[in-house]
Every structure is written in C-alpha cells, then in structure tokens.
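Values below: all heavy atoms of this structure, side chains included; hydrogens, waters and symmetry mates excluded. This chain uses plain numbering: 1 for the first residue, then up along the sequence. Here the structure is a predicted model, which is why all the values come from computation and not from measurement.
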Amino acid sequence: MTEATHHDASLAVEIAGIRFNNPVLGASGTFGYGLEFAELIDLNRLGGFATKGLSARPLPGNQPPRIVETHGGMLNAIGLQNIGARAFVEQKLPLLRGYDTRIIANVFGYSDDEYLEAIAMLNDGEGIDAYELNISCPNVKEGGIVIGNSPVAAARLTEKARRASTRPLIVKLSPNVTDVTLLARAIASAGADCLSLINTIVGMSIDVNTRRPRLSYGTGGLSGPAVRPIAVRMVYEVANAVDVPLIGIGGIGSAMDALEFILAGATAIQIGTANYYDPTVTMKVIDGLSAHCQNNNIDSFPSLIGSLKTS
Ligand SMILES: Cc1cc2nc3c(=O)[nH]c(=O)nc-3n(C[C@H](O)[C@H](O)[C@H](O)COP(=O)(O)O)c2cc1C
C-alpha cells in the first residue's frame, strides 16, 4: 500500500471547516498528548485526538487510588493532572506536527479567566486544529458550581472562549444534568462550532471491608461500555435540538459501537477507556468502518450521519 492510499477517502468527515481523514478520534485523558501512542499505532491513520485537559498552570492531580474497575467500565478521579498549556505548546506540539492527524487541545480552568488564559497560551501553538472545552469541572470563583450544569454559566463561558479563540471551538457536554438539550441549546446559541458528548458520569464505589470509598477523592467519573446507551441517547437528543455538528463519546470499543453514535447524529466519535484494554482499538474501529461501508455499498460515510430510522 502506498502513502497515497493510507487513508480511505470515503471515511473523511468535516467539522467546522476541519477535514478529518476519518471520524475516529482518541478521547481526552485516555490518549495522553498523543505521542504516547506513536509506538503502539500509526498516528497518521488516526482521524485525530483530544489531548489530556490543559490548564494555564501545570497540576499534580489527586492522591491515589485514582482509578478503580467497575462492571463494564471504570471510575476515575485523576484530578485533571497535566503539564500545563505552555509546556504542551513548547514540548509536545513540535513533535506532534510531524504527524498527519488532527490535534484538538482539551482545555479547562477553575474560573472563566483561567480558561481564557489557557486558550491565549494555546493560540500561540502552531499545529493545533481546534479547542475542546471541558466544562465538567468545579468553578472555584462561583462557589464550586460546575459550569457544565448551568446553561447560563456555560453559555457565558462559551461566548468568552469563542471571542478569545483563534480556532474552531468544540464544547464538551457534561452528562450529569437532567436535560442535556437545555445545555446544548444554550452553548450552541453562544457560538460553539461543535459539541462533543459525553464526559464521564459521576459515580461511587465502596470497599465494604474498609468501609471507605475505593477512590481517595470519594466519587469519580464512570466511563466504558456501561455508559454507552446513555451516551447514544444523549447524542440522539442533542442532534434533534441543535444544528451544530456533534462528536459522540462513551463506551465505544468497536466499529458497530461507533456506528450507533453516527446513526444517532454524530459526525465523528472519540474512543476513551477502550484504549486501556486495547491500545490498537482506534485502528480496528477505522478498519471496521471501512469494511462496513464496503460491505453495504456505502460510497460516502457522511451519508450515514443521523440516518437512524424511527418509524
Ligand atoms: C482516566 C480518564 C481521564 C479523563 N480525563 C479527561 C480530561 O482531562 N478532559 C476531558 O474532557 N475528559 C476526560 N475524560 C473523559 C473522556 O474523554 C470521555 O469523555 C469519557 O471517558 C467517556 O468515553 P469512554 O467511555 O470511551 O472512556 C477522562 C476519562 C478517563 C477514563
């Protein structure tokens, strides 16, 4: 196979003017800074990936234990450990630029200003294709409210980030809400170019012998196959509520899992937890999507987006 046939053209998708070679992306927090996977998979075949959440200043994260396995998934309370936006631009980006894959910088802060500070640092970084705002973390200045749970706070941050950003803005929705469409509508109206969903679902696991939570933080974020039906339902609801493109995330481990999100209305998907039990899963999902299109005479992958039949 020559370099020119490296990518299956029929799998290409476009989001906010960015062309992805295929719709399969690595999810934030499970894919490091991308480079960690360079020896495990061919990064040039990957549609793209979202970096670990980057903040204006480096953070050490929570005390261990920070991860526990649960039935069909895992709980994590890493605590947004990261090297900081500036170190990402200086140390990781120059190496990442050598690969033909889309780079999404995942951004967070503990106040609106901290988000904007991180974005300003990343604006200097050549080679970043888009930003993904993680709005599922507590806002210290507002008494610890989670921005992602408040349509007003989320819309305000989106508007500010949109103005501060030189790149397309993806906002990542929290599933820990009663009606995800309220948030989606507010954020899309505030100028988000794309919505990604879902982030992890808050959960808890208890060791009955020690009578303590299994995570030192107490609660953690649930991810993996167990959350997939919830994520598919939320993508379906949001696809019917807004006009911006969506990236589906949650428990994807195969091409068939990915297709559920695509039919529900996602343009692309991200794979998180599955990378832990199979670091090559992204490549297998790309191959599986190609095979599905070939076997079903689907000439253009985008024709599948939102093609769910409901009657
Ligand atoms: C260990 C771990 C760390 C994560 N860190 C981040 C993060 O820094 N920023 C973010 O937006 N999402 C983070 N996530 C959420 C994932 O990107 C993804 O939304 C979620 O895990 C659901 O997808 P999955 O079931 O395929 O893992 C993290 C998830 C895990 C398991």
Side-chain angles (χ1 to χ4, degrees), residues 15-18 25 27-29 50-51 53-56 80 85 104-123 128-202 221 230-231 233-250 261 264-268 270 306:
I15 292 175
I18 313 162
L25 321 179
S28 177
T51 66
L54 297 165
S55 47
L80 295 168
I104 299 171
N106 183 285
V107 182
F108 74 96
Y110 292 104
S111 68
D112 287 7
D113 288 344
E114 282 185 21
Y115 278 90
L116 302 184
E117 215 181 319
I119 289 171
M121 291 174 182
L122 294 166
N123 279 342
I128 297 172
D129 293 288
Y131 297 132
E132 178 178 62
L133 289 194
N134 173 7
I135 56 172
S136 300
C137 64
N139 189 307
V140 174
K141 286 200 176 144
E142 291 185 65
I145 68 147
V146 174
I147 295 175
N149 296 354
S150 155
V152 172
R156 187 194 57 211
L157 174 63
T158 301
E159 230 171 81
K160 289 185 194 170
R162 177 62 286 162
R163 254 181 278 132
S165 160
T166 57
R167 303 189 162 104
L169 187 69
I170 303 164
V171 178
K172 184 167 178 178
L173 300 179
S174 165
N176 303 305
V177 296
T178 312
D179 183 352
V180 71
T181 65
L182 294 178
L183 271 300
R185 281 202 185 90
I187 293 165
S189 304
D193 298 296
C194 169
L195 302 177
S196 59
L197 69 160
I198 61 173
N199 210 317
T200 55
I201 300 173
V202 179
I230 299 173
R233 182 263 296 176
M234 288 192 166
V235 166
Y236 177 68
E237 287 178 346
V238 171
N240 286 303
V242 300
D243 286 329
V244 296
L246 308 180
I247 299 175
I249 321 167
F261 285 85
T267 298
Q270 292 180 5

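Put simply, NZ on K160 and CZ on R156 are 5.0 Å apart, with the number rounded to the nearest 0.5 Å. Taken from CG in L133 to CG in L169, the straight-line distance is 4.5 Å, to the nearest 0.5 Å. Once rounded to the nearest 0.5 Å, the distance linking CG of L54 with CG of N134 reads 11.0 Å. Of the inter-residue distances, the one linking R163 atom CZ with L116 atom CG reads 9.0 Å to the nearest 0.5 angstrom. Once rounded to the nearest 0.5 Å, the distance linking OG of S150 with CD1 of I145 reads 5.0 Å. Of the inter-residue distances, the one linking I104 atom CD1 with C194 atom SG reads 7.5 Å to the nearest 0.5 angstrom.
The side-chain hydrogen bond (donor to acceptor under 3.5 Å, both in side chains) test applied to Y131 returns N123, R167, not counting sequence neighbours. By the ring pair (Phe, Tyr, Trp, His ring centres under 6.0 Å) test, Y110 pairs with F108, sequence neighbours left out.
Contact between Y115 and I135 at its shortest, heavy atoms only, is OH-CA, 3.6 Å. Closest non-hydrogen pair, P151 versus A186, comes out as O-CB, 3.7 Å. Heavy atoms only, all atoms of each residue included: A130 and I18 are closest at CB-CD1, 3.8 Å. Minimum interatomic distance between A118 and A85 (heavy atoms only, all atoms of both residues): O-CB, 4.0 Å. Across D129 and P168, no two heavy atoms sit closer than the pair O-CD, 3.5 Å. In plain terms, the two heavy atoms of T200 and G221 that are nearest each other are OG1-CA, 3.3 Å.
Just one residue in the list V171, L183, I249, V238 forms a side-chain contact (heavy atoms from CB on, under 4.5 Å) with L197, and that residue is V238. Screening L246, I187, N199, I198 for a side-chain contact (heavy atoms from CB on, under 4.5 Å) with L173, the sole residue that qualifies is I187.
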Point to revise | Steps toward side chain to side chain contact (heavy atoms under 4.5 Å, CB included) verdict (I230, I201) | key: CA-CA 10 Å; I230 299 173; I201 300 173; 3.7 Å; yes
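Contact of the L195 side chain with the I170 side chain is not registered, since no non-hydrogen atoms from C-beta on lie closer than 4.5 Å. Annotation: side chain of L80 is not in contact with side chain of S55 (no heavy-atom distance under 4.5 Å).
Side-chain atoms of S28 come within 3.5 Å of backbone N or O of T51 as a donor-acceptor pair. Of the possible donor and acceptor atoms, none in the side chain of D193 sits under 3.5 Å from a partner among the backbone N and O of A16.
Between the side chains of S196 and E132, at least one donor-acceptor pair of N or O atoms lies under 3.5 Å.
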